[in-house]
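Comments concern the structure below.
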Amino acid sequence: MRLLVQVSEARNLPAIDGGGGLSDPYAKLQLGRQRGKTRVAKRTLSPTWDEEFAFRVVDLKDELVVVVVDEDRYFSDDFLGQVRVPLSAVLDADNRSLGTQWYQLLPKSKKSKIKDYGEIRLTISLSLNYPEETTTLAHCVSDDLASYSDKSTELQKGSSLPNIPIEIPTSVSGGDETEIIKEDRSNGVPSFVNRLHQFFSAKPKDAEASASAPPLTTGDGNSDILEETPSTSSELPDNQDYETGVTMSFDEQLKAFGSCHEGNEIPENLSGGVLIDQVYAVAPSDLNGLLFSPSSDFLQSLAEMQGTTGLEIQQWRLENDGEVLKRVVSYTKAPTALVKAVKATEDVSYLKADGDIYATLADVSTPDVPFGNSFRVEVLTCIMPGPELPDNEKSSRLVVSWRLNFIQSTMMKGMIENGAKQGLKDNYIQFSELLARNIRPVDSKDAAATDKVLSSVQPEQESDWKLAFRIFGNFTVVSSLVAFIYVFSHIILASPSIIQGLEFPGLDLPDSVGEVVVCGVLVLQGQRVLNMIARFIQAKRQREIFEFDAMEDPPSVMKINVYDFDGPFDEVESLGHAEVNFLKSNLSELSDIWIPLKGKLAQACQSKLHLRIILNNSRGTEVMKDYLDKMEKEVGKKIAVRSPHTNSAFQKIFSLPPEEFLINDFTCHLKRKMLTQGRLFLSPRIIGFYTNLFGHKTKFFFLWEDIEDIQVMPATLYSMGSPSLLIILHKGRGMDARHGAKQLDNEGRLKFHFQSFVSFNVAHKTIMALWKARSLTPEQKVQLVEEESETKDLQNNESDSFLGIEDAKMSEVFSSTKPFDVSTLMSIFEGGPLEHQVMEKIGCMEYSVSPWESVRADAYQRQIHYKFDKRLARHEGEVMSTQQKSPLPDKNGWLVEEVMTLEGIPVGEYFNLHMRYQLEQISSKPKACNVQVSIGIAWLKSCKNRKKIAQEVLSSASSRLKKMFGLLEKELLPAK
């Protein structure tokens, strides 16, 4: 079936300024995804074309759009008017024909200043059998359709209809070829071709899949009028719209689009909520290029990360004289536990692009999901300038919001909204992780602090009088001034003395010992004041500025000594010393700071040093790579780079500055009075420990320069058969980490004891390499490189993305009532023969426990170590766990909590297993108690297939618990 359109003529078209009152008009036609145009009529306002077009009818809701434009050879064509004719109006007319009529041309919007756009004469009708040889047929090409979701195919799957043939003829009329655009179809409506098949019995052929593309809207929400994309036929369309809309570079398209939308406001966030609101250390234009440029591989990387297949990205197209810039992205989403693999189509349009602010709106269609024809998802991405960072580095704020548009009413609206929200949340978590690998995210608190720092770096100028008052407003100057006024007043009031002794006119000598003492005091006091004035004037005229290439080797501490220099022949005297810790001081403090000097003389005089310290990164984003390259040369070992997301999590744990980056981290135990399981972190300047055990967080760090010695302690039974590390700090160093030290020896040195590493050799080599490279002299470093010339990768199996230790979500996996009291049941946790016997029967070989030790009131801890029996377990491996027991609040039972670390099994280093045993006495039955066991997983690193791993772990643990308590009951009942 064809829609026949004859474009006869137009009259009274508006005159365009600069064209001498005449135009070069031509008409463009569009139906669905098909388009055509007439020839150009030269220098006239009443053109005559007399050209006929035939469009294939695909959708009942399509409408014919005819636009008249004035051809401009050098600039974009000028709009002269448009008319829209719904296909339903032709279908409902007598004989399916509207006849020949004059149609009033209308403006794009009601704000147009031109009142009369003229008229166009059209003949419109529908025909079932029409000879295609006599018309210019606007055609569709299968390659262009393949990237869209197939609604007609979906219809055929649900019915017994045969495939409907879609012919692709190409013909030429008047020397102009027709063009293609995306089809604008609504969800849930069967195609008109399929519907007519039931009445006219079309012959089946191999069907080309027609696509469903969501309707694109411009910034004001109106449907787009015309879209121009090149035909994929053997000959390219020869028209200016194609040249300007497709062949332009991406930057040129953005500039052309931005010039047409100057002054547009930033669109507000969509009603569904915000998915991302993050600041990144990159210019807005660069972030826009990474996310949307045709040359960027970001979408391909994201598809690989999410398991998406069939990704097809069309080129950006500039249409409607630069008013529309859009593209289509299609792909197949990976299947999930609830939904099979589905096709999705994103129609992405720019709403704003002015060089600083960018906004895009993506209309996502997923017709294959349940109720997929009832809704569309819209995602708004806004990129705007962020806060200014140090060194004038630009930043961008990325905000992504969404909403759900329901095309049809459905009772499943709530379920659809919840499902869409969760799906988008999961997708954009992975989106953020991938983006953080390419661009460094900036913490909003750090950005605010940076703004504060930048303002404090340029403090308001202090007047000389205020500075003089602050310097001279002390007891010495005030007492000297009072003494001077007192003596001067005495001179005025006293009568002239009589010349006596050795005096003569002009020489007045002291007449007593008291006068001599007073004169001496006044002279010394005056000398001190004069020296202060001289130093003040000298300091005002000369300020010392020192510049260090600090980032060549990331600075940890700057030591400052102040000396009194009276000349080359006098002994230099120390006036005091100070220390600046770059890891514990923020930028705002360092930009303008008074530091108290230490030392006997400095403390007695309460001396302070005024400093302005500015950390200037002059080497851009390559600091981390350059430092690691330098470390590899010095140490002779290769060090892998962690992702920005990992570094951000590491910095957040220890409140470190953004330039500090993680090199490696290891699971281990910190030995104090009791063993504490946690994670050891290594970076260029610090070594830190963090744990969140039973809700109690412990964290500390100290500098590599603070370490005096590192010793390897031999393996013992208490250390679970693994060597341990003893780290000894210099005297008086690392006192902020004193709560994590095992002891403070007689010499005032802190000692830290770490044991139970998953891979002790790798951990030991990494720690020794970083410590030696940081603390040794250049000569010792050269010797180290010669001794360790072999290159090994320090990135061990614990080097995946670290997410930080999260609270485990507990779920109950075992509940039972046992025919004995709580005290009898607690024998499984007492470390006696019964516990060893039961645990060995369920596959825990070489089972060893430490005695219970009190950690606080009514709380006790112990350590457990065992290996899996090869005959009973699928994987060989070891378990190290920490148990804590405490009485229940009503004292009628016990609560036993356990944190397990699995070693030597697949993905065992990715998580910790948390278990909670609650043993409660039944009041009505003295010889019975309830047992409830809950299990949770605390993920330490990002990992695929989390749900599958969690299900396997929980299933295995549940079966072991049932077996354990079953064996315990068999052992205890005969004894009773």
Side-chain angles (χ1 to χ4, degrees), residues 550 553-559 579-585 627-628 630-631 634-637 639 650 653-657 660-672 676 678-691 698-714 719 723-757 760-785 787-788 794:
D553 193 8
S556 301
V557 175
M558 181 173 68
K559 297 181 179 180
E579 182 178 280
V580 177
N581 191 320
F582 291 99
L583 291 166
K584 297 181 180 180
S585 301
Y627 176 76
L628 292 180
K630 177 184 175 183
M631 287 289 298
E634 292 181 346
V635 181
K637 296 181 181 294
I639 302 176
F650 164 65
I653 289 177
F654 295 103
S655 301
L656 297 174
E660 192 68 10
F661 53 91
L662 180 64
I663 293 180
N664 215 335
D665 59 282
F666 302 94
T667 300
C668 66
H669 283 82
L670 172 67
K671 184 178 180 182
R672 295 180 293 181
T676 303
R679 212 163 181 84
L680 192 66
F681 298 88
L682 310 179
S683 75
R685 295 184 288 183
I686 72 161
I687 175 172
F689 181 83
Y690 175 82
T691 182
T698 301
K699 64 178 179 180
F700 61 85
F701 71 87
F702 46 84
L703 306 177
W704 291 108
E705 292 89 337
D706 295 341
I707 300 177
E708 179 180 307
D709 190 20
I710 298 179
Q711 300 176 2
V712 178
M713 309 301 292
S719 65
S724 56
L725 286 179
L726 179 63
I727 299 179
I728 305 174
L729 304 188
H730 291 286
K731 179 181 179 180
R733 307 295 298 181
M735 288 301 173
D736 291 342
R738 183 173 182 175
H739 60 281
K742 186 177 185 296
Q743 65 181 34
L744 178 67
D745 63 10
N746 297 331
E747 299 179 11
R749 303 180 303 175
L750 292 176
K751 295 184 177 181
F752 297 84
H753 203 140
F754 301 98
Q755 67 181 49
S756 305
F757 290 93
F760 177 80
N761 290 333
V762 175
H764 177 237
K765 288 181 180 179
T766 308
I767 292 172
M768 294 300 294
L770 291 173
W771 173 53
K772 290 179 180 180
R774 187 75 186 183
S775 60
L776 298 185
T777 62
E779 293 78 10
Q780 292 173 318
K781 293 178 181 179
V782 172
Q783 182 181 0
L784 177 66
V785 173
E787 293 175 355
E788 302 180 4
L794 290 184

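Starting from 1, each residue takes its place in the sequence as its number.
- Using modelled atom types, no side-chain atom of H669 and backbone atom of T676 make a donor-acceptor pair closer than 3.5 Å.
- Residue F701 is tested with L656, I653, D706 for a side-chain contact (heavy atoms from CB on, under 4.5 Å); the sole match is L656.
- From H753, atom NE2 reaches atom CD1 of I728 across 10.5 Å, with rounding to the nearest 0.5 Å.
- Rounded to the nearest 0.5 Å, atoms CZ (F752) and CZ (F700) are 5.5 Å apart.
- Annotation for E708 and W771: closest pair O-CZ2, 3.6 Å, computed over non-hydrogen atoms.
- For the atom pair CG (L725) and NZ (K671), the distance works out to 13.0 Å, reported to the nearest 0.5 Å.
- If you take CZ on F760 and OG on S724, they are separated by 7.0 Å, rounding to the nearest 0.5 Å.
- Between F754 and F666 the shortest side-chain heavy-atom distance does not fall below 4.5 Å.
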Could you pull out every donor-acceptor pair under 3.5 Å between side chains of residues 735-742 and any protein atom, sequence neighbours left out?
{"from": "D736", "atom 1": "OD2", "to": "K584", "atom 2": "NZ", "distance (Å)": "2.4"}
{"from": "H739", "atom 1": "NE2", "to": "K699", "atom 2": "O", "distance (Å)": "3.1"}

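- Across L750 and G734, no two heavy atoms sit closer than the pair CD1-O, 3.2 Å.
- Counting all heavy atoms, side chain and backbone alike, C668 lies closest to L680 at SG-CB, 3.9 Å.
- Across W704 and I767, no two heavy atoms sit closer than the pair CZ3-O, 3.7 Å.
- The two residues E705 and R685 come nearest to each other via the heavy atoms OE1-O, 4.4 Å.
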> Do L770 and I663 pass the side chain to side chain contact (heavy atoms under 4.5 Å, CB included) test, and can you show the C-alpha distance, the side-chain angles, and the key distance before you say yes or no?
Replying inline: CA-CA 10 Å; L770 291 173; I663 293 180; 3.7 Å; yes

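- Under the side chain to side chain contact (heavy atoms under 4.5 Å, CB included) criterion, K559 pairs with V557, E579, sequence neighbours left out.
- Here the shortest heavy-atom pairing between E660 and I686 reads OE2-N, 3.9 Å.
- To the nearest 0.5 Å, atoms CD (Q743) and CZ (R749) are separated by 9.5 Å.
- The CD1 atom of I687 sits 11.5 Å away from atom CZ of F681, with the distance rounded to the nearest 0.5 Å.
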